[in-house]
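See below for the structure under consideration.
Treat the numbers as computed from the prediction; the structure is a model and nothing was measured. Proteins get letters first, then strands, A, B, ... in listed order; numbering begins at 1 in each.
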2 protein chains.
Amino acid sequence: MDQIDKKIVQELQLNAKISMKELAEVVHLSSPALIERVRKLEEQKVIEGYHAHVDLKKMDRPICAIILFESKDCKALADFCNSHSDVLECYRVAGEISYIVKIATYSVESLEKFIDASMAYGTPSTNIVLSSHAKKVIEPFSVED
Amino acid sequence: MDQIDKKIVQELQLNAKISMKELAEVVHLSSPALIERVRKLEEQKVIEGYHAHVDLKKMDRPICAIILFESKDCKALADFCNSHSDVLECYRVAGEISYIVKIATYSVESLEKFIDASMAYGTPSTNIVLSSHAKKVIEPFSVED
DNA sequence: CTTGAAAGGATCTAAGG
DNA sequence: CCTTAGATCCTTTCAAG
């Protein structure tokens with residue numbers, strides 16, 4: 001991962017659909033050289049994939065919550081979460097809290113329904129998201145950080 | 001958003017780089033019809049963008065943590081988080097906890113450094129992520145949920 | 001790695017249902 | 001709002017240096 005690879009990864013994080021020709025110009029490389037680098041980044045799985053991002057509100061999921069769980073049976077909780085369409089992300093964590101889940105749902109009613117269902121697997125503590133910000137470009141860790 | 005649009009969004013979430021020709025075949029539509037639908041989904045901002053996903057470990061960020069903050073000055077905390085390269089996501093939430101931040105960093109030492117720096121803006125409670133799962137395809141909310 | 005040329009696709013347009 | 005067919009344009013690949 002030299003500086004050029006970093007720039008390539010950065011650009012593809014911002015815009016996965018940029019053409020190889022245009023990206024080649026951005027990093028001052030010829031198309032064949034650029035394409036070979038991108039191929040290697042994909043092969044090494046530095047780049048895991050290319051995905052469209054959707055607006056949760058437009059998907060009728062205006063309510064977002066982060067739920068902290070204390071649970072004795074993380075496996076059962078994980079299975080519940082993975083099979084529930086409201087769940088976007090789940091994290092097994094070390095500490096007093098054992099599971100953290102991010103959900104997006106339709107209404108306060110559907111949120112209540114989720115919480116009630118989840119209580120079979122642990123003790124939820126629900127935090128409604130008021131606003132959020134997610135980084136589009138993740139940079140390789142460097143010592144300046 | 002009819003059934004075809006849902007399928008289009010689903011496929012583009014899985015693979016942003018699928019060609020319009022191939023996607024047209026998947027949804028049993030002609031290329032021009034498919035392209036027009038995709039254009040509208042982009043224009044309506046149902047699809048917000050297309051991004052490459054990277055492997056955090058390959059970016060020298062093997063340690064992931066979710067940090068819960070109690071803070072009196074959320075603005076200052078938000079500014080700190082938005083300017084720090086370790087921070088991937090941050091959420092302003094309602095409740096006892098006021099801020100939830102997801103970070104990815106290089107080492108226990110760099111984690112400590114982050115926590116120490118963050119303590120100027122609030123009281124952090126750090127949860128190290130042991131394992132995680134994120135949904136690739138977000139479906140529109142439907143009554144069956 | 002670069003350049004340039006050739007091949008193969010993809011997208012766009014136009015005409016028609 | 002859709003389809004088909006044709007034309008154009010662009011990207012990628014290949015060969016040579």
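Two residues are said to be in side-chain contact when any heavy atoms from C-beta on lie closer than 4.5 Å; L111(A) and I103(A) meet this criterion. Under the 4.5 Å side-chain criterion, counting only non-hydrogen atoms from C-beta, H53(A) is not in contact with Y50(B).
Positionally, the nearest nucleotide of DNA chain D for E22(A) lies more toward the 5' end than for the other of P32(A) and E22(A).
The CD-P distance, from E25(A) to dT11(D), rounds to 9 Å in whole Å. One atom, NZ of K40(B), and another, C1' of dC2(D), lie 11 Å apart when rounded to the nearest Å. dA15(D) atom P lies 15 Å from atom CD1 of I35(A), rounded to whole Å. Rounded to an integer number of Å, the gap from I8(B) CD1 to dC1(D) P is 13 Å.
First and last contacts of DNA chain C with chain A, using any nucleotide atom under 4.0 Å from a protein heavy atom and ordered 5' to 3', fall at dC1(C) to dT3(C).
Between R39(A) and E43(A), at least one side-chain nitrogen of the basic residue sits less than 4.0 Å from a carboxylate oxygen of the acidic one, meeting the salt-bridge criterion.
Comparing atom distances between the A33(B) side chain and each of dT12(D), dC14(D), dC2(D) picks out dC2(D) as nearest.
The stretch residues 108-130 of chain A participates, sequence neighbours left out, in no salt bridge (Lys or Arg N to Asp or Glu O under 4.0 Å) pair at all. For residues 6-19 of chain B, every residue pair satisfying the salt bridge (Lys or Arg N to Asp or Glu O under 4.0 Å) rule, not counting sequence neighbours, is listed here: K7(B)-E11(B).
Across all strands shown, R37(B) has heavy atoms under 4.0 Å from sugar-phosphate atoms exclusively, and none from any base. At the heavy-atom level, S30(A) lies under 4.0 Å from base atoms of the strands shown.
Summarising the local packing, CE of M119(B) is surrounded by 12 or fewer heavy atoms from other residues, nucleotides or ligands at distances under 6.0 Å.
Within the 4.0 Å cut-off from OP1 or OP2 of dT13(D), not a single side-chain nitrogen or oxygen of K21(A) is found.
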